[in-house]
Amino acid sequence: MNNKLLKSLLSVLIATMVFTGSGIFPVPYASAQQDSPAMESPSGTPPQNGNTPEEPASPNPTPDTAVDDPTPIESNVLQLAAASPSVIVKGQQNLRFGEKLLVNIALKDIPDAVAAEKFVIQYSTSRLEFQEVKAAGDGIQIVGHQADPGKVTVITANPTSKLADNETIITIIFKAKAAAGIDNVTVSAELGLSPDGEYGAAGSSTLDLDIQKGLSGDLNRNGKIDIGDLAKLVHYFDVTSADPQWEEIANGDFNTNLRIDLADLAILARKLLDKPFELVETTVADIHAAMQSGELTAEELVNMYLKRIDRYDGQLHSILTVNPHALDIAKEMDAEYKATGKLRGPLHGIPVIVKDNFNTVGMPTTAGCKCLANNFTTTDSFMIQKLKDAGAIILAKSNLHEFAFGTTTISSLGGQTYNPYDLTRNPGGSSGGTGAALAANLGVIGLGTDTGGSIRIPSSYNSLVGIRPTIGLTSREGIIPLAISQDVGGPMARTVADAALMLDVVSGYDKHDLATSYSIGRIPDSYTDYLDVNGLKGARIGIVRDSSMMGTNAEVIRLTNRAISEMERMGATVVDVTIPNLSTILSYSSLSGTEFKFNLNEYLNSPSIGPDVKFKSLSDILATGEILESQRSSMVARNSIEVLETEAYKDILLYRTRTTQQSLLSAMADNKIDALLYPSTAAPVGGNSGSANRLSPFSGFPAISVPAGFASISGRPDSPIGIELLGKPFDEGTLIKLAYAFEQGTKYRIAPELFPALTN
């Protein structure tokens, strides 16, 4: 049985997983669809938590630090939390898809001296799409605004007069993507006070200026740029260099025209919105904001990461090959952006770390084996091509456990990769090179592959987000295989938002991988639409407490229980669930031991293999001796299998898949839950990762690992641990929504101290 036949068989299993009435598991899945709205088939429309136009969503929870009155935080700055009665937010309720929500924001009971305002508007991305912001009141200047997923920040100034109580200052316009209303929006504010309450003279408008970076702007001399600086600048509005007080305010003449004008207000507002770019822990959104403001180029960014790789990877051994063309590609991206004023795609100029089992033109694809050191493939894998089309720059290929055999990330080509949180331990695997590199900020986002846990284990041990997609959501074409019936590629990142954005890019139909045909019609417009800070509100999470899933490590159990409590605090209902046939499911073995030889031999004979690769089989590779000697016996055992299509193999492929799928869907339907939860790894770094990671590959269902804190294994919290959420087929959006809300509500990821920002 060759790979094509395997793919066909797997595609049939995927089909039965997606459609009812197939004979594989019609009863549990059909029952779930009929009896529980939460179990409806995923679609391109983000979930609505049961809310309808007649039953509006519940108000967003307010911060624990909410206050009733303005709170001074600096000498001329007042802070108004989202719960403050001084922030007046009005808008419609019970909107339906496509309707406009007008959010009018006003203030009341505030000091007369307020001269500048910073409003932070948070909203549900699954229900609302930001459209625009408008100045509403007389004399109001919108001097800057910035839109991020789920958040809009608006800077206003009123240089001509004081604000009137209850009079609308700005209007934010959203479009409803589902049942929505004003309850899906919260607003907080910071107010800057003019030194003596006097105002200059200017009209009402919204500025749209080509703003360049100015000088320091710390006018109230508190050591930072804040809304108080803008208020002071407003106080001196229209003052020129002839004024005796010019020396006091000259630091705010950003356009150096010897006059404080609207452009100066706008430039200072930009400095408020756009913090100086910092490489460590940066995100795709941060990078694109810096590029669009003129602060950063792709060439500069690539150089920054190359310097970090040069400085730090000698300790980590996470990188096998740096792309020799990365800087040239970055320069091309910069020239294109300068000429068009547009980003090529959602990953324009973003340096990506790729596990070295994805075919990548211009770089060797080795699976970590010396035997494939000269495998310069003639084509890119499907996922690599998708990344390039989106504007990404393949920065480097990362080390992996050789041929993805294990979970410690050691190879004959790259040696042992180390964990950036503890250089005496491994980073998990087999995608441990990508995990270690991203955790140490040697790249922005990365690709891994997962056959049994190889995305989720290193994500857990490196405090990352890792998504193992539904089999069929991403293409396996051009990936050096381990077991085609279980293999899948997916994103690894420091944040859920970046992982969701990357999943947008790499998902989709590929004619060379039949299984991807079942993703058609099941991919939403964007997985970033599910980035909802209130995504846990109303969700039902099933906790799998069986020791075979939870493990017995006290630290892991403690962190998992804490995560469960955090989810409850954020509005989720958690219920303990029992998965039918769990012991039977976990008794099955991975098919990597059976399929590897046959899958690898087909890859070695594919048209895309590097022309200098002379091996045509696993036998040829073993004869060279250019392999990781510690796994020779395992490779020899796999090579000894003469025939793949045995009855025993077919029984495992069929019955293991069917039993796992039926059991998981039954547990979800019976308990009306959105996702199952258990630890991503059963022990801290260096321990046994456990068996829980088998449920996703054995079923083909999606799973996501998200940071849950640090276990203490050396007397201090030094071992990252993740929790895993498993969902229904092609329901990655729900998993992203739940993981994002948890991430935003906890912020457990911390960068490793051993790899700080470079001082130069």
Side-chain angles (χ1 to χ4, degrees), residues 38 47 49 57-66 81-83 122 124-126 149-151 186 281 456 459-467 493-497 499-500 530-545 549-551 553-577 671 673-684 692 703-712 717-727 733-751:
N49 290 337
S58 300
N60 291 341
T62 55
D64 294 336
T65 56
Q122 293 187 293
S124 168
T125 57
S126 64
K151 183 175 74 172
T186 61
E281 297 296 281
R456 294 158 292 145
S459 292
S460 177
Y461 287 156
N462 291 278
S463 197
L464 299 173
V465 177
I467 299 176
R494 290 184 291 270
T495 67
V496 175
Y530 292 84
L531 300 177
D532 184 355
V533 292
N534 297 305
L536 281 163
K537 189 175 182 62
R540 285 179 62 85
I541 310 295
I543 312 302
V544 186
R545 295 192 183 274
M549 299 288 290
M550 188 70 70
N553 183 274
E555 278 292 280
V556 172
I557 293 173
R558 176 183 67 83
L559 293 175
T560 304
N561 285 333
R562 183 179 71 174
I564 293 167
S565 297
E566 294 282 6
M567 288 186 171
E568 289 183 297
R569 176 183 64 81
M570 288 182 266
T573 298
V574 300
V575 293
D576 289 352
V577 301
N671 294 279
I673 59 175
D674 298 297
L676 296 169
L677 182 150
Y678 42 84
S680 302
T681 46
I704 186 171
S705 180
V706 63
F710 291 78
S712 298
D718 52 5
S719 175
I721 290 294
I723 54 168
E724 185 167 320
L725 293 162
L726 182 141
T734 294
L735 298 182
I736 287 168
K737 180 183 71 169
L738 301 174
Y740 180 75
F742 178 76
E743 171 197 63
Q744 294 299 301
T746 58
K747 301 286 187 180
Y748 281 132
R749 172 167 168 80
I750 300 173

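As a basis for the values below, the full set of heavy atoms in this structure was taken, side chains included, without hydrogen atoms, waters or symmetry mates. Predicted model, so just to flag it, every value in this text is computed and none were measured.
For the side chain to side chain donor-acceptor pair (under 3.5 Å) test, residues two or more places apart in sequence or in another chain that qualify with Asp718 are Ser714. Among residues two or more places apart in sequence or in another chain, the salt bridge (charged side-chain N to carboxylate O under 4.0 Å, His left out) test is passed with Glu743 by none. Residues meeting the side-chain contact (heavy atoms from CB on, under 4.5 Å) test with Ala500, sequence neighbours left out: Tyr527, Thr528, Leu531, Ile736. Take Arg562 and apply the side chain to side chain donor-acceptor pair (under 3.5 Å) test, not counting sequence neighbours, and it matches Tyr748. Residues forming a side chain to side chain donor-acceptor pair (under 3.5 Å) with Arg540 (at least two apart in sequence, or on another chain): none. Legend: residues meeting side-chain contact (heavy atoms from CB on, under 4.5 Å) with Ser680, ordered by chain and number and at least two apart, are Ser460, Ser705, Glu724. Partners of Ala711 according to the side-chain contact (heavy atoms from CB on, under 4.5 Å) rule, which considers only residues two or more places apart in sequence or in another chain, are Glu555, Leu559, Pro684, Ser719, Ile721. With sequence neighbours excluded, the residues that form a side chain to side chain donor-acceptor pair (under 3.5 Å) with Glu281 are Asn441, Arg749. By the side-chain contact (heavy atoms from CB on, under 4.5 Å) test, Ile543 is found to be paired with Ile541, Arg545, Met550, Ile564, Val574, Asp576, Leu677, residues two or more places apart in sequence or in another chain being considered.
Heavy-atom minimum distance, Ala682 versus Asn553: O-CB, 3.4 Å. When all heavy atoms are compared, the tightest approach of Asp674 to Ala539 is OD2-CA, 3.4 Å. Shortest non-hydrogen contact noted between Gly551 and Ile557 is O-CD1, 3.7 Å. Closest heavy-atom contact between Pro707 and Phe742: O-CE2, 3.3 Å. In plain terms, the two heavy atoms of Ala739 and Val706 that are nearest each other are O-CG2, 4.1 Å. Annotation for Val496 and Tyr740: closest pair CG1-CB, 3.8 Å, computed over non-hydrogen atoms.
With values rounded to the nearest 0.5 angstrom, Gln122 atom CD is found 8.5 Å from Asn534 atom CG. To the nearest 0.5 angstrom, Thr125 atom OG1 is 13.5 Å from Lys151 atom NZ. Atoms OG1 and CD1, from Thr734 and Ile704 in turn, are 11.0 Å apart once rounded to the nearest 0.5 Å. Taken to the nearest 0.5 Å, the CG atom of Leu726 stands 7.0 Å off from the CG atom of Leu735. Taking CZ of Arg456 as the reference point, atom CG of Leu464 lies at 14.5 Å (rounded to 0.5 Å).
Glu566 has its side chain out of reach of Ile723: every pair of non-hydrogen atoms, C-beta onward, lies at least 4.5 Å apart. By the 4.5 Å heavy-atom criterion applied to side chains, Leu676 and Leu725 are not counted as neighbours. Inter-residue side-chain proximity for Met570 and Thr746 is flagged as met; some heavy-atom pair is nearer than 4.5 Å. Inter-residue side-chain proximity for Thr560 and Tyr678 is flagged as unmet; no heavy-atom pair is nearer than 4.5 Å. Pro720 places a side-chain heavy atom less than 4.5 Å from the side chain of Phe710.
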